[in-house]
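Heads up: the structure comes next, in structure tokens.
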Amino acid sequence: KTFRYNNSIADMAGLFIMENPEHYKKYIVTHTKVDSSQVYLLDDKVGVKDGLYQRVVEVVSKIKSVDSTATIAVIGRYNYLLNESKAALVKNKLVENVSLWSFHKSKGLEADYCILIGFSQGKLGFPNENVDQTVIEALLPTLDSYPHSEERRLLYVGLTRAKKKSYIIGDPTSPSAFISELLAPKYE
């Protein structure tokens with residue numbers, strides 16, 4: 001049982017992580033129950049210069065307009081994404097109560113709302129599709145052989161940092177494998 005996040009986040013994150021047959025099946029019971037999805041998939045403002053960071057500013061601004069004392073975390077796979085997000089938030093005077101975490105460093109942390117960024121294809125995408133990294137991973141011992149299993153765990157961690165809502169911002173012109181998967185009907 002968890003008191004951190006609601007049933008919508010638990011169901012979506014659980015369904016996503018359990019796609020890997022190597023994981024033990026476990027079902028999270030939540031203290032907080034909601035009737036509608038609390039995980040949102042947004043585009044990164046295609047065709048707009050710095051569209052991803054403008055979308056981050058837009059989401060943070062909207063959250064603050066509805067819940068002015070909320071804690072917000074922007075979570076990304078790479079530091080450059082977090083640095084650019086921070087610059088955009090500073091420029092728009094939206095840094096109060098906003099944290100910037102990497103997926104790796106977010107474990108054990110929580111915020112009312114989380115904004116997950118960096119979901120595009122390629123070697124700087126999420127999941128990382130760097131061929132060199134794939135070769136290195138092939139040479140190392142692995143816990144399981146499911147594609148992107150470590151990156152999948154990181155997304156699970158990122159999703160479950162949010163107490164109330166999670167926003168995933170993806171590139172619709174070059175969506176990551178995770179975005180394509182999350183668009184399947186089984187995910188709300």
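Below, each value reflects all heavy atoms present in this structure, side chains not excepted, and no hydrogens, waters or symmetry copies. All figures in this text were calculated on a predicted structure; none of them were measured in a lab.
When all heavy atoms of M12 and I168 are compared, the pair lying nearest together is CE-CD1, 4.3 Å. Of all heavy-atom pairs spanning A70 and I63, the tightest one is CB-CG2, 4.2 Å. Smallest separation of non-hydrogen atoms from I72 and K64: CD1-CG, 4.1 Å. When all heavy atoms are compared, the tightest approach of A162 to Y5 is O-CB, 3.1 Å. Heavy atoms only, all atoms of each residue included: S120 and S176 are closest at O-CB, 3.5 Å.
Donor-acceptor pairing under 3.5 Å is recorded for the side chains of Y187 and E181. Remark: the Y53 side chain and the D44 side chain contain no N/O donor-acceptor pair separated by less than 3.5 Å. Using a 3.5 Å distance cut-off with no hydrogens or angles, the side chains of Y113 and N97 do not pair a donor with an acceptor. For the residue pair D112/T71, the side-chain donor-acceptor check at 3.5 Å is satisfied.
Here the OG1 atom belonging to T160 is positioned 8.5 Å from the CD1 atom belonging to I9, to the nearest 0.5 angstrom. T173 OG1 to Q121 CD: the interatomic distance, rounded to the nearest 0.5 Å, is 9.0 Å. To the nearest 0.5 Å, atom OG of residue S68 and atom CD of residue E96 are 9.0 Å apart. Separation of atoms NZ (K45) and CG (L52) is listed at 11.5 Å; rounding is to 0.5 Å. One finds the CD1 atom of I28 at 12.0 Å from the NZ atom of K1 (value rounded to the nearest 0.5 Å).
Residue K164 forms a side-chain hydrogen bond (donor to acceptor under 3.5 Å, both in side chains) with just one option from D67, T32, N6, and that option is D67.
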Next on the checklist: Could you walk me through whether D43 and I169 satisfy the side-chain contact (heavy atoms from CB on, under 4.5 Å) test, starting with their C-alpha distance in whole Å, then the side-chain angles of each, then the deciding distance to 0.1 Å, before giving a yes or no?
Outcome noted: CA-CA 5 Å; D43 68 65; I169 302 176; over 6 Å; no

Next on the checklist: Please evaluate residues E110 and K163 with respect to the criterion salt bridge (Lys or Arg N to Asp or Glu O under 4.0 Å), reporting the C-alpha separation (whole Å), side-chain torsions for both, the decisive distance (0.1 Å), and the verdict.
Outcome noted: CA-CA 7 Å; E110 61 184 42; K163 294 182 199 176; 3.4 Å; yes

Item to check | salt bridge (Lys or Arg N to Asp or Glu O under 4.0 Å) between R77 and E151, intermediate numbers included | outcome: CA-CA 9 Å; R77 180 72 173 84; E151 302 273 275; 2.9 Å; yes

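Taking the six-membered ring for Trp and thresholds of 30 and 60 degrees, F103 and F126 have nearly parallel ring planes, at less than 30 degrees apart.
Remark: Y27 engages no residue in a ring-ring contact (aromatic ring centres under 6.0 Å, His included) (not counting sequence neighbours).
Heavy atoms from other residues, nucleotides or ligands lying under 6.0 Å from NZ of K33 number more than 12. Heavy-atom contacts from other residues, nucleotides or ligands closer than 6.0 Å to NZ of K49 number 12 or fewer.
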Donor-acceptor pairs under 3.5 Å, side chain of residues 82-89 to any protein atom, not counting sequence neighbours: which ones?
from	atom 1	to	atom 2	distance (Å)
N83	ND2	N79	O	3.4
S85	OG	L81	O	2.9

